[in-house]
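Being a predicted model, the structure only gives us computed values, none of them experimental.
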Amino acid sequence: MRYEKQVGFLRLKDMTLIKFIFSAIITGMIGIYLFKDIGVIDLSLKATQIMMQVIGGLLFGIGWAIFGYCPGTAIGALGEGRLHVLWGVFRMLFGTAVYAEIYPALKSNFLKYGDFGKITLPGILGINHWFIVVILSILVILFFKYIEKKNCKC
């Protein structure tokens with residue numbers, strides 16, 4: 001995804017990227033649950049730890065906003081020969097190394113807050129996962145129609 005599209009998304013002026021992200025989420029949900037139901041895969045859930053997710057989301061979002069690329073598109077841009085992303089890629093790698101070093105201390109103390117264990121939305125609600133997939137798919141389609149109606153640059 002081009003830098004201009006990502007900055008347009010971060011400034012809420014171009015919804016191309018959000019449509020791409022939501023399309024990938026819905027496609028992934030359908031594929032994962034289909035493969036689970038036919039026995040091709042088993043789900044291996046990680047614990048839902050709110051503190052970790054909030055901190056990770058903030059770091060990811062702040063880094064994306066400052067850098068203008070998410071990690072995947074930064075590597076893609078580097079592969080295209082856009083050398084200006086090297087500094088950001090080095091910072092991502094440095095941040096990953098620092099986190100790996102301090103993780104044991106964080107895990108035993110700070111990151112225990114908000115640990116809900118291995119949960120899923122269908123499990124919490126006590127309903128079949130396909131109901132969630134269908135509802136979220138409909139909501140995403142309605143959202144796409146809404147942003148198209150608002151005449152967003154998409």
Side-chain angles (χ1 to χ4, degrees), residues 1-36 41 43-103 106 110-111 113-116 118-125 127 129-154:
M1 187 70 54
R2 297 275 182 227
Y3 173 81
E4 298 78 20
K5 291 285 185 189
Q6 292 191 49
V7 171
F9 162 67
L10 292 171
R11 296 180 65 212
L12 301 176
K13 300 215 181 255
D14 187 337
M15 295 292 120
T16 303
L17 188 55
I18 196 71
K19 288 170 29 180
F20 178 79
I21 290 168
F22 281 150
S23 296
I25 290 169
I26 296 299
T27 303
M29 278 190 341
I30 292 168
I32 286 170
Y33 280 121
L34 180 65
F35 286 156
K36 177 189 174 291
I41 63 170
L43 291 183
S44 176
L45 301 175
K46 293 204 176 272
T48 300
Q49 296 173 307
I50 300 299
M51 187 62 72
M52 288 178 67
Q53 292 165 340
V54 167
I55 291 170
L58 286 171
L59 287 173
F60 183 89
I62 290 167
W64 188 1
I66 290 170
F67 185 34
Y69 288 98
C70 75
T73 55
I75 300 302
L78 186 60
E80 288 181 341
R82 297 172 183 226
L83 298 179
H84 68 277
V85 302
L86 273 175
W87 181 241
V89 170
F90 287 135
R91 288 184 292 181
M92 286 188 296
L93 293 172
F94 177 75
T96 302
V98 168
Y99 182 77
E101 286 298 316
I102 65 172
Y103 178 75
L106 291 175
F110 187 67
L111 297 180
Y113 297 109
D115 187 345
F116 291 97
K118 297 181 177 189
I119 59 172
T120 63
L121 188 56
I124 292 170
L125 298 175
I127 58 177
H129 52 262
W130 286 109
F131 185 74
I132 298 293
V133 170
V134 169
I135 294 298
L136 290 178
S137 298
I138 291 169
L139 289 174
V140 165
I141 291 168
L142 292 173
F143 175 68
F144 287 175
K145 287 184 177 287
Y146 172 77
I147 59 177
E148 289 296 326
K149 190 176 184 178
K150 286 289 189 182
N151 202 14
C152 297
K153 290 182 182 176
C154 303

Answer yes or no: is there a side-chain heavy-atom contact under 4.5 Å between [X] and [Y]?
X	Y	value
Phe9	Asp14	no
Glu148	Lys19	yes
Tyr69	Val89	no
Leu43	Tyr33	yes
Tyr99	Leu106	yes

| Taking all non-hydrogen atoms of both residues, which atom of Ile41 and which atom of Ile32 are closest, and how far apart? | CD1-O, 3.5 Å
| said: So which atom in Ala74 and which in Val85 form the shortest heavy-atom distance, rounded to 0.1 Å? | reply: O-CG2, 3.6 Å
| Around atom CD of Glu101, are there more than 12 heavy atoms of other residues, nucleotides or ligands at under 6.0 Å? |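 Counting neighbours around CD of Glu101, 12 or fewer heavy atoms of other residues, nucleotides or ligands fall under 6.0 Å, so no.
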| field | Gly123 backbone acceptor or donor facing Thr120 side chain under 3.5 Å | value | yes
Look up atom [atom1] in [X] and atom [atom2] in [Y], then write down how far apart they are to the nearest 0.5 Å.
X	Y	atom1	atom2	result
Cys70	Met92	SG	CE	8.5 Å
Gln53	Leu58	CD	CG	12.0 Å
Leu136	Ile141	CG	CD1	11.0 Å
Phe116	Ile50	CZ	CD1	5.5 Å
Leu34	Met29	CG	CE	13.0 Å
Lys46	Ile119	NZ	CD1	15.5 Å

| remark: Given the options Val134, Ile135, Val133, Ser137 meets side-chain contact (heavy atoms from CB on, under 4.5 Å) only with Val133
| query | Got a sec, which residues hit side chain to side chain contact (heavy atoms under 4.5 Å, CB included) with Phe22, two or more places apart in sequence or on another chain? | reply | Ile18, Ile25, Val140, Phe143, Phe144
| request: Determine the interplanar angle of the Trp64 and Phe60 rings, folded into 0 to 90°, and report it as parallel if under 30°, tilted if 30 to 60°, perpendicular if over 60°. | output: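 It falls in the perpendicular class, over 60°.
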| task | Check side-chain hydrogen bond (donor to acceptor under 3.5 Å, both in side chains) between Arg91 and all other residues, then give those that pass, not counting sequence neighbours. | result | none
| query | Does the pair Tyr103 and Met52 meet the rule for a side chain to side chain contact (heavy atoms under 4.5 Å, CB included), with working shown? | reply | CA-CA 11 Å; Tyr103 178 75; Met52 288 178 67; 3.9 Å; yes
